[in-house]
Amino acid sequence: MEEEITTKNSLIAKYKLTNADFEQIKNHGIALDKIEGELFLFESGIPKVYLKKPATIHDGIVKLTADDFKNYAALFDQKKSNLKLKKFVPASGAASRMFKFLNEFLNEFNAEDETINAYINRKKDKNLPVFLAGIEKFPFYEEVKSKVKKLIPNYYSLESHEKNYHFIKLMMDSNHFDFANKPKAALDFHKYTSHIATPVEEHLNECASYAASNGVSHLHFTVSKNHENLFQQIIDEVKKKVENKTNTSLNVHYSYQNKSTDTIAVAINNQPFRDENGDLVFRPGGHGALIHNLNTLNADVIFIKNVDNVIQNHTEETTLYKKALAGVLLDLQQEVFLILKDIDTNKIEEKQINSIVDFMQKKLNIDLIENFKNYTFENKIAAIKNKLNRPIRVCGMVINEGEPGGGPFWIKSFKGNISLQIIESSQVDITNPEQLEIVAKSTHFNPVDLVCGIKNYCGEKFDLIDFIDHSTGFIVHKNNKGKDLKGYELPGLWNGAMAKWTTIFVEVPLVTFNPVKTVNDLLKPAHQPQ
């Protein structure tokens, strides 16, 4: 209580917060010391990470043979009957970015004075021609076209470009399809002979194929509260069909991003930003807030995958690689658990230390400080236990083909510790030529393809909040009704939120990575019927 009063007084003194502000903060469920910490970060800035080198094959990234993948998948299949499995899919985001270029077209196109071709030439738009060339291949084409015909009386007398304009307009219209404001998970992605599937349905199929144990599969979506009914409607429509096809019972659960993880916004001068009513403005903390959702789950193995990374073809192949990553996790976890159990039962001898350290360095990428060899035996054991008694994640990595996003790097902390991390470009000091050169040498990309072990050798859950690197958040520049502001995003779910986990990177084929970042990605072979 005394600490809370001290924090409150310092916030009043420095930022002139009022009793009404503190009441607003309390009602939002946010701790005062969290507000104080965020305001400090806005003033001090967030230090950039120091890249030591990119993680590459045989230097941070494991390269498996075809037989290795099959053997690890078989190992997982052999052990899974004794394990509780779960798939975790962040799915709360709306599809606004997916249709960004179409919204820009509707905002800037003058239907009275120009043709679509004239607009394309004027704006040098490269996306709209691709969309129009493939328009009939989109899974939603027939439904939207049918609605356009009903709503436009003179449809058949229109020019082709006029029909296309009305098609796009109806897609985006909030009174009709409103695609850009729907969750990406609920959009039509794949056209099959008998039906059209959303990402929700495809994740149900995937969950049954590789995250099932004893005929039961558990799938967890993080959703926004106002979209849960839409998710449930899709589940009600397709769940029984998937269960019958896969002979698997599917349990689906949801959670929301907790409002207590929202962060305070500030003006450019770092004073708390206020809306037109004078109230403080809070923003969602980004996908890093979902570590709290993940922390509530109870499972031995958790598969994590982005909601838009689904595939219409090659599902058996992607299943093999997912199972193999889980097999790698179980294989390494078994050895870690044996060491920790021997430590707790005083069975480790001095002569075993070198082999344990060799395992930690070569198999788990764990860096021990230089003077470790000078430690007493007891301190060596304590250091080993501290490093091994952590959550483990095995992350698939694909060859870098220029996709925007994070990648695998060796980084050096301000304390001098070396570790493997998934780093976003915004975390790198782009003014430093040496750091940019390291980024340029990066060979792999993070597709968000994780398999996680969140329990210790006794079967007890770790508190995942203990393993966050809180210094790795992001300051972002945004706009609120014409006014510039700065926001703080929490350390990313697979970035700083998992920074202190044991991390293993494994190269997986590009066939496992099929994201839909723009609507045009649905025209790629992975999302088209064979």
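Values below: all heavy atoms of this structure, side chains included; hydrogens, waters and symmetry mates excluded.
- No side-chain donor from either of H444 and T56 sits under 3.5 Å from a side-chain acceptor of the other.
- A heavy-atom distance below 4.5 Å is not found between the side chains of K486 and F273.
- Checking T115 against N117 by side-chain atom types alone, no donor-acceptor pair falls below 3.5 Å.
- Side-chain contact between L132 and I168: present, with at least one pair of heavy atoms (C-beta onward) separated by less than 4.5 Å.
- The number of heavy-atom neighbours closer than 6.0 Å to OH of Y50, taken from other residues, nucleotides and ligands shown, is 12 or below.
- Annotation: I430, atom CD1; neighbour count of heavy atoms from other residues, nucleotides and ligands within 6.0 Å does not exceed 12.
- Considering only heavy atoms from C-beta on, L493 comes within 4.5 Å of M498 through its side chain.
- In this structure the side chain of Q232 never reaches within 4.5 angstrom of the side chain of V252, judged on heavy atoms.
- Within the 3.5 Å criterion, the main-chain N or O of K80 finds a donor-acceptor partner in the side chain of S213.
- Summarising the local packing, NZ of K147 is surrounded by more than 12 heavy atoms from other residues, nucleotides or ligands at distances under 6.0 Å.
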Item to complete: With salt bridge (Lys or Arg N to Asp or Glu O under 4.0 Å) as the test, would you mind laying out the steps for K305 and D449 before giving the verdict?
Response: CA-CA 5 Å; K305 197 176 185 187; D449 193 3; over 6 Å; no

Worksheet entry | side-chain contact (heavy atoms from CB on, under 4.5 Å) assessment of K86 paired with L297 | CA-CA 8 Å; K86 189 160 287 189; L297 303 188; 3.8 Å; yes

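- When ring centroids are compared, F221 and F231 come within the 6.0 Å threshold.
- Aromatic ring pairs are classed by plane angle as parallel below 30°, tilted from 30° to 60° and perpendicular above 60°; the pair Y321 and F69 is perpendicular.
- Between N293 and S255, the side chains place a donor N or O and an acceptor N or O closer than 3.5 Å (distance only, hydrogens not considered).
- At a cut-off of 3.5 Å, with distance as the only test, a side-chain donor of S419 or Q421 sits close to an acceptor on the other residue.
- Put simply, the side chain of H287 reaches to within 4.5 Å of the side chain of N495, judged on heavy atoms.
- Between the side chain of E38 and the backbone N or O of I264, at least one donor-acceptor pair lies under 3.5 Å.
- Checking side-chain atoms of T248 against main-chain N and O of S217 turns up no donor-acceptor pair under 3.5 Å.
- The main-chain N or O of G407 is never found under 3.5 Å from a side-chain atom of N446 such that the two would form a donor-acceptor pair.
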Item to complete: Show your working on salt bridge (Lys or Arg N to Asp or Glu O under 4.0 Å) between K239 and E201 and close with a plain yes or no.
Response: CA-CA 8 Å; K239 180 169 172 278; E201 181 177 344; over 6 Å; no

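- For F140 and F179, the distance between ring centers is under 6.0 angstrom.
- Put simply, the side chain of D331 never gets that close to the backbone of G327: no donor and acceptor are under 3.5 Å apart.
- Between the side chains of T65 and D68, at least one donor N or O sits under 3.5 Å from an acceptor N or O.
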Item to complete: Could you walk me through whether K145 and E142 pass salt bridge (Lys or Arg N to Asp or Glu O under 4.0 Å), step by step?
Response: CA-CA 5 Å; K145 181 181 176 182; E142 294 297 341; 5.5 Å; no

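- Stacking of K53 on the aromatic ring of W410 is recorded, both the 6.0 Å distance cut-off and the 45° axial limit being met.
- Within the 4.5 Å cutoff, no side-chain heavy atoms of H477 are placed close to those of D484.
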Item to complete: Evaluate the criterion salt bridge (Lys or Arg N to Asp or Glu O under 4.0 Å) for residue pair K84 and D300; output intermediate values, then yes/no.
Response: CA-CA 5 Å; K84 183 172 183 181; D300 299 296; over 6 Å; no

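- F303 has its side chain out of reach of V89: every pair of non-hydrogen atoms, C-beta onward, lies at least 4.5 Å apart.
- Of the possible polar contacts, none joining the N306 side chain to the D308 backbone as a donor-acceptor pair under 3.5 Å is found.
- Summarising the local packing, CD of E143 is surrounded by 12 or fewer heavy atoms from other residues, nucleotides or ligands at distances under 6.0 Å.
- More than 12 heavy atoms of other residues, nucleotides or ligands shown are found within 6.0 angstrom of CD on E276.
- A donor-acceptor pair shorter than 3.5 Å cannot be found between the side chains of R283 and T263.
- Relative orientation of the F445 and F513 rings is tilted, given thresholds of 30° and 60° on the angle between their planes.
- Aromatic rings of F76 and Y210 (six-membered ring for Trp) have centroids beyond the 6.0 Å cut-off, not under it.
- Remark: the backbone N or O of N514 is paired with a side-chain donor or acceptor of H527 at under 3.5 angstrom.
- In this structure, K259 fails the cation-pi test against F282, since its NZ or CZ atom is not both closer than 6.0 Å to the six-membered ring centre and inside 45 degrees of the ring normal.
- L464 places a side-chain heavy atom less than 4.5 Å from the side chain of P391.
- Judged by the 6.0 Å and 45° rule, K163 forms a cation-pi pair with Y155.
- Within a 6.0 Å radius of CZ in R97, other residues, nucleotides and ligands contribute 12 heavy atoms or fewer.
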